[in-house]
Participant: 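Before I ask anything, here is the structure I am working with.
Computation of the quantities below employed the complete heavy-atom set of this structure, encompassing side-chain atoms and omitting hydrogens, waters and symmetry-equivalent molecules. Below, chain A is the first sequence line, B the second, and so on; all start at residue 1. This structure is a prediction, so every number in the text was calculated from the model and none was measured.
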2 protein chains.
Amino acid sequence: MLRITTRQTISMEKTMKYKPTDAELEILQVLWQNGAATVRTINDALNKDNDDTIGYTTTLKIMQIMAEKGLLSRDESNRTHIYTAEVREDEVQQAFVSKLMDSVFRGSAMKLVLQALGSGKTSTSELQQIRALLDEELENNANRTAEETAAHTPSTRKKSSK
Amino acid sequence: MLRITTRQTISMEKTMKYKPTDAELEILQVLWQNGAATVRTINDALNKDNDDTIGYTTTLKIMQIMAEKGLLSRDESNRTHIYTAEVREDEVQQAFVSKLMDSVFRGSAMKLVLQALGSGKTSTSELQQIRALLDEELENNANRTAEETAAHTPSTRKKSSK
DNA sequence: TATAATTTACGAAAGAGTTCGTAGAATGTT
DNA sequence: AACATTCTACGAACTCTTTCGTAAATTATA
C-alpha cells in the first residue's frame with residue numbers, strides 16, 4: 001500500500017552517498033524489478049527495449065564501477081558474478097526528487113507536483129488515489145495542530161471523524 | 001494563478017532541444033527571476049549565496065555556450081552584452097519532470113507526486129491548493145467522459161456545477 | 001595621456017561518464 | 001585434447017561539463 005511518508009522520514013532523510021548516473025539507473029531498474037542478476041542478464045534486459053545495443057563490456061564496466069561505489073554488491077563465489085542492488089528504489093527516488101526540487105523548482109514541492117500532474121499521464125483513478133492520500137495527510141495535519149493547541153489550552157478533544 | 005496544464009499541452013509537448021546542465025540552470029534561475037542581465041550581474045548573483053566563488057570568466061564561458069545552444073540570446077549593441085533567457089521556466093521544468101518520470105519512476109506520475117509530497121516540505125495550505133486543483137481536474141475528467149458517452153448516446157446534458 | 005579596470009574571446013586543463021577493444025582465465029563443446 | 005565461447009579485468013578513447021588563465025580590445029580613472 002502506497003503511503004505518503006510521515007513526518008519522521010523528513011528528519012531522517014539520508015543524504016545518499018552517490019547519486020546514480022543515467023546508465024547506472026537503467027541497471028538499477030532491472031535489479032529492482034527482477035532481483036539479483038548477472039551482467040549477461042542485465043545486458044540482455046537493457047538491449048531488449050533499446051534499438052541501439054549496448055556492448056557487454058560496457059555494462060560490465062559500469063556495474064564494476066557501481067560495486068566500487070557501493071551501489072551494488074556482488075557474489076564472486078562463482079566465476080559468473082551475481083550482482084545485487086545495495087540502494088533501495090524509494091531512497092534513490094527521494095534523492096532525485098530532492099535534487100530536482102532544489103535545482104529546478106526552487107524548493108517548492110507544490111510546483112513540482114503540479115508539473116507532474118500536468119504532464120497528463122495520470123489516470124482518473126490515480127488522481128483519486130492521490131486525493132485520498134492528500135485528504136488523509138490533511139486530516140493528520142489538522143489533528144496534529146489541534147493537539148498542539150490543546151496542549152496550551154486543555155479542554156475536551158474530539159476524535160477525528162474517519 | 002497556478003493551474004494544472006490542460007490536455008492540449010500533452011500532445012504539444014515540445015521536446016526541448018537542449019536540457020540545461022546544472023551550471024546553466026543556476027544562470028537561468030537568475031534570469032527567470034530578475035529578467036535580462038549582464039554576465040557581471042549574474043556572476044555576482046551566483047556568488048551572493050554560495051560560499052565558494054565562481055570565476056567571472058567561468059560564468060561568461062557558460063553563458064556564451066548557452067547562447068550558442070539557443071538557451072540564451074544576447075544584445076551585443078554595447079560592449080557589455082545583455083543576455084536574455086530564451087526558454088521558459090515551465091518548459092524547462094516540464095522537460096526535467098518528464099525525464100525524471102521516465103528514468104526514475106518508470107513513467108508513473110503518481111509515484112513521483114507521492115515522493116514529492118512525502119518530502120514533507122509542503123505546507124497545509126499548499127496541500128489544500130493541490131487538493132482543490134485535483135478536484136477541478138477530476139471534475140473535468142468526469143465531464144469529458146460524460147460528453148464522450150453522450151456523443152454515442154445523445155441525450156440531455158448537464159452543465160458542470162462550477 | 002598613461003595606467004588601471006572591465007569585458008569579450010579563445011584555448012586548454014581537469015574531471016566525470018560512457019563506450020569499447022584486447023587480453024587472459026575459466027568453462028563448454030566437439 | 002583442441003577449439004570455441006563466456007567472463008572478468010584493464011586501459012584507452014571520446015564526449016560533455018566546468019573551470020580558469022591569458023590575450024586583446026574597450027572603457028574608466030588618476
Participant: Can you check whether B:Asp135 reaches B:Glu139 side chain to side chain, under 4.5 Å on heavy atoms?
Facilitator: no
Participant: Can you measure A:Ile54 atom CD1 to C:dC20 atom P for me and round it to whole angstrom units?
Facilitator: 8 Å
Participant: Just the rounded figure in Å: distance from P of C:dT18 to CG of A:Asn43.
Facilitator: 15 Å
Participant: Should we count OH of A:Tyr18 as having more than 12 external heavy atoms under 6.0 Å?
Facilitator: no
Participant: Grab the stems for DNA chain D, please: at least three consecutive Watson-Crick or wobble pairs, both distances below 3.5 Å, written as range with range.
Facilitator: C:1-30 with D:1-30
Participant: B:Ile62 CD1 to D:dC16 P: how many Å, rounded?
Facilitator: 16 Å
Participant: In the single-linkage hydrophobic clustering (I, L, V, M, F, W, Y; side-chain heavy atoms under 4.5 Å), do B:Ile65 and B:Leu28 co-cluster?
Facilitator: no
Participant: Grab the CG-C1' distance between A:Asn78 and C:dA26 for me, whole Å please.
Facilitator: 12 Å
Participant: Distance-only, no hydrogens or angles: does the A:Ser103 side chain make a donor-acceptor pair with backbone N or O of A:Lys99 under 3.5 Å?
Facilitator: yes
Participant: Between C1' on D:dT19 and CG on B:Leu46, what's the gap in Å once rounded to a whole number?
Facilitator: 14 Å
Participant: Holding to side chain to side chain donor-acceptor pair (under 3.5 Å), I want the full list of residues that pass it with B:Arg106, two or more places apart in sequence or in another chain.
Facilitator: A:Gln29, A:Glu89
Participant: When you measure from the side chain of B:Lys69, which nucleotide among D:dC20, D:dT17, C:dT19 comes out closest?
Facilitator: D:dT17
Participant: Hey, does B:Thr21 reach any base, or is it just sugar-phosphate, or nothing, if we go heavy atoms under 4.0 Å?
Facilitator: sugar-phosphate
Participant: Atom NZ of B:Lys19 to atom C1' of D:dT17: distance rounded to whole Å?
Facilitator: 13 Å
Participant: When rounded to the nearest 0.5 angstrom, what is the spacing between CD1 in B:Ile130 and CG in B:Leu117?
Facilitator: 5.0 Å
Participant: For the pair A:Gln93 and A:Asp90, evaluate side-chain contact (heavy atoms from CB on, under 4.5 Å) and give the outcome as yes or no after the intermediate values.
Facilitator: CA-CA 5 Å; A:Gln93 287 174 339; A:Asp90 63 275; 4.2 Å; yes
Participant: Tell me: CG of B:Asp22 to C1' of C:dG17, nearest whole Å?
Facilitator: 14 Å
Participant: If I take atom CD1 in residue A:Ile65 and atom P in nucleotide D:dG11, what distance separates them, rounded to the nearest angstrom?
Facilitator: 13 Å
Participant: Hey, does the side chain of A:Glu91 reach the backbone of A:Arg88 with a donor-acceptor pair shorter than 3.5 angstrom?
Facilitator: yes
Participant: Reading nucleotides 7-13 of chain C from the 5' end, what letters show protein touch, with B for base, S for backbone sugar-phosphate only, - for no heavy atom under 4.0 Å?
Facilitator: BBB-BB-
Participant: Is there a side-chain contact between A:Asn47 and A:Tyr56 in this structure, where contact means two heavy atoms from C-beta onward sitting under 4.5 Å apart?
Facilitator: no
